[in-house]
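These notes are about the structure you will find just below.
Heavy atoms only: backbone and side chains are in, while hydrogens, waters and symmetry mates are out. By convention here, the first residue in the shown sequence is residue 1. Small disclaimer: the values here were computed from a predicted structure and weren't measured. Just so you know, ligand 1 is whichever comes first in the structure, and atom 1 is the first atom listed for that ligand.
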Amino acid sequence: MAREFSTVGVVGLGTMGAGIVEVFARNGIDVVAVEISAPALERGRATLKGSTDRAVAKGKLAEADRDALHERVHFAVGLDALHSVDLVIEAVPEHLDLKQRIFAELDRVCRPETILATNTSSLSVTEISVATSRPNQVIGIHFFNPAPVMKLVEVVRTVVTAPEVVADVEALCARLGKVDVTINDRAGFIANALLFGYLNHAVGMFESHYATREDIDAAMKLGCGLPMGPLALMDLIGLDTAYEILDTMYRRGGRDRRHAPVPLLKQMVTAGLLGRKSGRGFYTYERPGSPKVVPDEATPLATDGAVADGARAIAKVGVVGSGTMATGIIEVFAKAGYEVVSVTRGAEKSAKVCEAVKTSLNKGVVRGKLAEADRDAALGRISWSATLDHLADVDLVVEAVVEELSVKKALFASLDEICKPGVVLATTTSSLPVIDVAMATQRPADVVGLHFFNPAPVMPLVEVVRTIRTSPEATATARAVCAALGKTGVVCGDRSGFIVNALLFPYLNDAVKMLEASYSTADDIDHAMKLGCGYPMGPFELLDVVGLDVSLAIQRELYLELREPGFAPAPLLEHLVTAGYLGRKTRRGFRDHSHR
Ligand SMILES: NC(=O)c1ccc[n+]([C@@H]2O[C@H](COP(=O)([O-])OP(=O)(O)OC[C@H]3O[C@@H](n4cnc5c(N)ncnc54)[C@H](O)[C@@H]3O)[C@@H](O)[C@H]2O)c1
């Protein structure tokens, strides 16, 4: 029979502690909530009150239940109040010496049978446990932020944690309505080991002015379906906590440079810019603790997208190519009211593309998303051609031909001869340097990347890539066009992977390395990212959808360009590709899809 936990103690009522108190009290468990000082205690109490009041306001918690919840919580300053609890969860700042001191003290104060748990994200549970005389009763219970919302709990057992303690804690998680994954004591466990390299990389992009905070966050939200962008997430985690986690992971996790905190982080922490909790981090908040972002000096001015920043007027658009992307892009422009000239390599190809666009538009009609008249008008705006000469009077060309530099360069050289001056020439390349294509013309200032996502009619994001030769007007034009298409254009520099792939694929590759090291299973890793971080798909689900060969190619490009040792493709990924296990398209990748 699993142990009954009727009273638990929580030490530290900051970002995590206050949420953890709420989780227990909501589930009928009495809580002794402890802080270091009276003011800190009051802050913790206010956080709990704010959170439960919001739940009541949203209709997620009845008033009576809120009141009962608060009655279950006893607040106290100092650890002595924990003398008779069944379990303690520590959630003080991420410093080993502080945690060891607290555990030594808890060991003295608490009853001999009490389980002592830490909510550490990156420190060694084993090192914390040896500060007590009961290391076999010490365990990691790692909640996710915000604790009342996120379903996942990582239960961390050390080599000495007693099996029955693990079983009791697993049963407790189930009682709290959480899903647990039980794992060994390794820096960052599952989720943070995969998350923090990505977060730090995003901070590095921001620090180097590769893209703005809004664009980095929008790219990951819209391009990957994440609940929030990396910089907004850093603000939620707390930059001081994030700094400590990175620093610990760097030192414990094999000195992977990707975990060496980006210098800007330290500066922000020193300056008191800790994120939401201090009212300012990467963004500015209404007040300390508030989730509401308010405009500040870095907030971009709202524009109507049409004539902003010297954007040129665009009425007629040429689209070159006959593949999936070209087809989707033709549809997107035609639906948005642009005159479109489609250029393919022959009448047969044009007929195929035309058919595909019709089929897609018809689907919209059947689903009730598009009126028949609008479909007909969109089709009427497209003209079909097999020669580039018909692009002489367009205002914008979007190239979406095969991903080969020589082919694209030759095409841009021809466009340079045919198109009128002032035209914006865009490539949809996802992996080639845009500057190489730009330099095939005599007008590199007018060349940009317009990286659409697949399927183009559905995906709301476009990466606007500016090279070191791109003019501000061409960039502004590209961005305004994205807005007119109803999409979000994010502007970034001309580096391998732009924003989304550069941040996404190393994370996927790290997940493969974690699986390869047998730290956890594909199912648990997928669970951890979905339930702990709100990802729409786990890394292995996503890899199987994207295709392992495509993923490997992107990861190789990143590695070759940036020479970052941590970006080296996981050997397991290479082996699966060699074996022909490419994901759903071959019915086998990380998982077997033959029966689904
Ligand atoms: N922030 C996150 O997203 C997140 C997520 C999961 C786990 N964690 C982990 O949770 C722990 C707490 O992180 P946080 O972000 O909540 O930190 P925080 O800085 O928001 O809160 C820490 C709290 O501990 C209190 N405290 C400090 N010394 C104390 C003592 N001696 N006795 C009692 N209370 C004391 C502080 O007053 C503060 O209120 C860390 O180990 C962190 O790695 C954080």
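Contacts between N145 and ligand 1 below 4.0 angstrom, taking non-hydrogen atoms only, involve the side chain exclusively. Heavy atoms of F144 found under 4.0 angstrom from ligand 1: none, in either backbone or side chain. Counting heavy atoms closer than 4.0 Å to ligand 1, residue I102 contributes side-chain atoms (C-beta onward) but none from N, CA, C or O.
For F540, the ring pair (Phe, Tyr, Trp, His ring centres under 6.0 Å) criterion is met by F590, not counting sequence neighbours.
Taking every heavy atom of H142 and a limit of under 4.0 angstrom, the matching atoms of ligand 1 come to 6 (C), 7 (C). Set against the non-hydrogen atoms of K277, the atoms of ligand 1 under 4.0 Å away are 18 (P), 19 (O), 20 (O). Close approach of ligand 1 to V11 is summarised as follows: ligand atoms under 4.0 Å from at least one heavy atom of the residue are 32 (N), 33 (C). Remark: ligand 1 atoms within the under-4.0 Å shell around heavy atoms of T120 are 41 (O). With ligand atoms numbered from 1 in the order given, ligand 1 contributes 15 (O), 16 (O), 20 (O) to contacts under 4.0 Å with heavy atoms of T15. Of all the atoms in ligand 1, the ones that sit under 4.0 Å from a non-hydrogen atom of E94 are 40 (C), 41 (O), 42 (C), 43 (O).
N509 and Y559 form no side-chain donor-acceptor contact under 3.5 Å, judged by distance and modelled atom types alone.
Proximity of G238 to ligand 1 is not established, as no heavy-atom distance is less than 4.0 Å. Note on ligand 1: K99 sits in its first shell, one or more heavy atoms being nearer than 4.0 Å.
Distance check: L176 CG to N27 CG gives 5.0 Å after rounding to the nearest 0.5 Å.
Ring-centre distance between H201 and F196: not below the 6.0 Å cut-off.
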Check: Hey, mind stepping through E113 and R134 against salt bridge (Lys or Arg N to Asp or Glu O under 4.0 Å) and telling me if it holds?
Finding: CA-CA 9 Å; E113 62 274 23; R134 55 179 104 177; over 6 Å; no

Item checked: Derivation of the salt bridge (Lys or Arg N to Asp or Glu O under 4.0 Å) call for D185 and R157 -> CA-CA 6 Å; D185 187 14; R157 60 172 169 231; over 6 Å; no

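Ranking the protein heavy atoms by distance from atom 17 (O) of ligand 1 puts T241 OG1, 3.8 Å first. What sits closest to atom 10 (O) of ligand 1 on the protein, heavy atoms only, is N119 ND2, 2.9 Å. Among protein heavy atoms, atom 27 (C) of ligand 1 sits closest to P93 CD, 3.4 Å. When hydrogens are left out, the protein atom nearest atom 37 (O) of ligand 1 is E35 OE1, 2.9 Å; that is the closest non-hydrogen contact. Residue, atom and distance of the protein heavy atom nearest to atom 4 (C) of ligand 1 are M16 CG, 3.2 Å. The nearest protein atom to atom 8 (N) of ligand 1, hydrogens excluded, is given as S121 OG, 3.1 Å; this is a heavy-atom distance. Nearest protein heavy-atom neighbour of atom 21 (O) of ligand 1: G14 CA, 3.2 Å. For atom 11 (C) of ligand 1, the nearest protein heavy atom (residue, atom name, distance) is V92 O, 3.3 Å.
By the 6.0 Å and 45° rule, R213 does not stack over the aromatic ring of F282. A cation-pi arrangement, defined by a distance under 6.0 Å to the six-membered ring centre and an angle within 45 degrees of its axis, is absent between R257 and Y250. Cation-pi geometry between R186 and Y519 is met: under 6.0 angstrom from the ring centre, within 45 degrees of the axis.
Close N/O approach between I237 and ligand 1 is found [any backbone or side-chain N/O within under 3.5 Å].
The list of salt bridge (charged side-chain N to carboxylate O under 4.0 Å, His left out) pairs with a residue in residues 32-41, not counting sequence neighbours, is empty.
Atom CZ of R563 is surrounded by 12 or fewer heavy atoms from other residues, nucleotides or ligands within 6.0 Å.
Taking the six-membered ring for Trp and thresholds of 30 and 60 degrees, Y198 and Y535 have ring planes more than 60 degrees apart, a perpendicular arrangement.
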